[in-house]
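In listed order, ligands and their atoms are each counted from 1. Because only heavy atoms are used, hydrogens play no part in the values below, and waters and symmetry mates are left out as well, while side chains stay in.
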Amino acid sequence: MTPDTPADTFSFTLSATDGAARTGYVSTPRGRIRTPAFMPVGTVATVKGLYFDQVRAAGADIVLGNTYHLMLRPGAERVAKLGGLHTFMRWDGPILTDSGGFQVMSLSSLRKMSEQGVTFRSHVDGAYHEMSPERSVEIQGLLGADIQMQLDECVRLPCTDEEAERAMRLSLRWAERSKRAFETQPKGRAIFGIVQGGAVPALRVESARALADMDFPGYSIGGLAVGEPQEVMLAMIETVAPHLPTNKPRYLMGVGTPDDLLESVARGIDMFDCVMPTRSGRHALAFTRFGRINLKNARHAEDPRPLDEESDCPALRDYSRAYLHHLVRCEEMLGAMLISWANIHYYQQLMAGARAAIAAGRYADYVAQTKEGWARGDL
Ligand SMILES: CCNc1nc2cc3[nH]c(NC)nc3cc2c(=O)[nH]1
């Protein structure tokens, strides 16, 4: 807890801007989140392959939990009975939970979507579940999330304009219901509205303005990183950002590669989450200052150099590429653990560098130098 944050408030402070890029911090009862921020994904109450002290040491201020997974296993009521998600997984910083809608649509079977909500069968045991805006907020409250998400409907791209409009308007009605249901929660917690509208600028603007009128404490941009080219994603951010309040955080869901992060920060995004660093770690792909390194590749078999000898992360600095290659070839757990750790650290230091560069008014140079490092390669 930082001394000057009152115990029960949620707020956002902008410290500096550089063009459309912003740096600042979100204050929560469980501490500050420095922005731009990357949130490691802790799907089923674990950032896969890492201890939470490694997550914290890497520089993460907040982690994400997935409502869909946790409601199925171990169950929201059970987590509440065990003291809530912070106690359960021993992470005392802020936690953001999603509302489950996106994963219901991508993971469960036999789904039925209606105005009321979505009914679906668990991919774990086939049991039927009902997810409404009210139930989603109730679950996130039981988990004890500091930042919660409205229930929304995310359409895959490409989709018809009619489909994008239908889902966007449903999501607006669910935004109202989610926000109303959230009012019973303890002070200091926040709920974010989610901007939808597919790749249709007019729908995106209508969604952003309608949510801004509802006065949410923060805003997510949804419906992106769902198969569209990067330029479409960036164009939608440019379309939406001017219609969101500058004094509230903006969270781009499910993004992304290091390049996606830098380009999105340049367009006014403050928060990100993505499975990329940990999922890639399990597939032997390391993100470094020199670009991507695939440690499955035999050319690393006798390379005694670490991934990055100048890093302060042991996974990047202390282990040879030859050793990492060996672990990957033998399909040893430690290979996935070390590369995931390296990637989480790399994403955090990428954001730390962005925060410093924006504060110094040299963000464009930071992006150019970072990309040169990726291109120069040391692979
Ligand atoms: C909070 C749940 N709602 C919700 N989650 C999302 C998660 C995403 N993850 C990705 N790419 C990996 N795009 C997303 C869009 C949404 C979205 O539009 N909505």
Can you list, pair by pair, the side-chain donor-acceptor contacts under 3.5 Å of residues 41-53, counting residues two or more places apart and other chains?
{"unit_1": "T43", "atom_1": "OG1", "unit_2": "N66", "atom_2": "OD1", "d": "3.2"}

**OP:** May I ask you to decide if A199's main-chain N or O and E228's side chain share a donor-acceptor pair within less than 3.5 Å?
**Re:** no
Original post:
Should S311 and Y346 count as side-chain neighbours, where that means a heavy-atom distance under 4.5 Å?
Top reply: no
Original post:
Name the residues with a heavy atom less than 4.0 Å from ligand 1?
Top reply: D98, S99, F102, M149, D152, C154, I194, Q196, G222, G223, L224, A225, V226, M253, G254
**OP:** Mark yes when over 12 heavy atoms from residues, nucleotides or ligands other than R56 sit less than 6.0 Å from its CZ; otherwise mark no.
**Re:** yes
Subject >> Distance, nearest 0.5 Å, that separates CG of D152 from CG of L211 >> reply: 10.0 Å
Original post:
How long is the span from the OH atom in Y68 to the OG atom in S122, to the nearest 0.5 Å?
Top reply: 5.0 Å
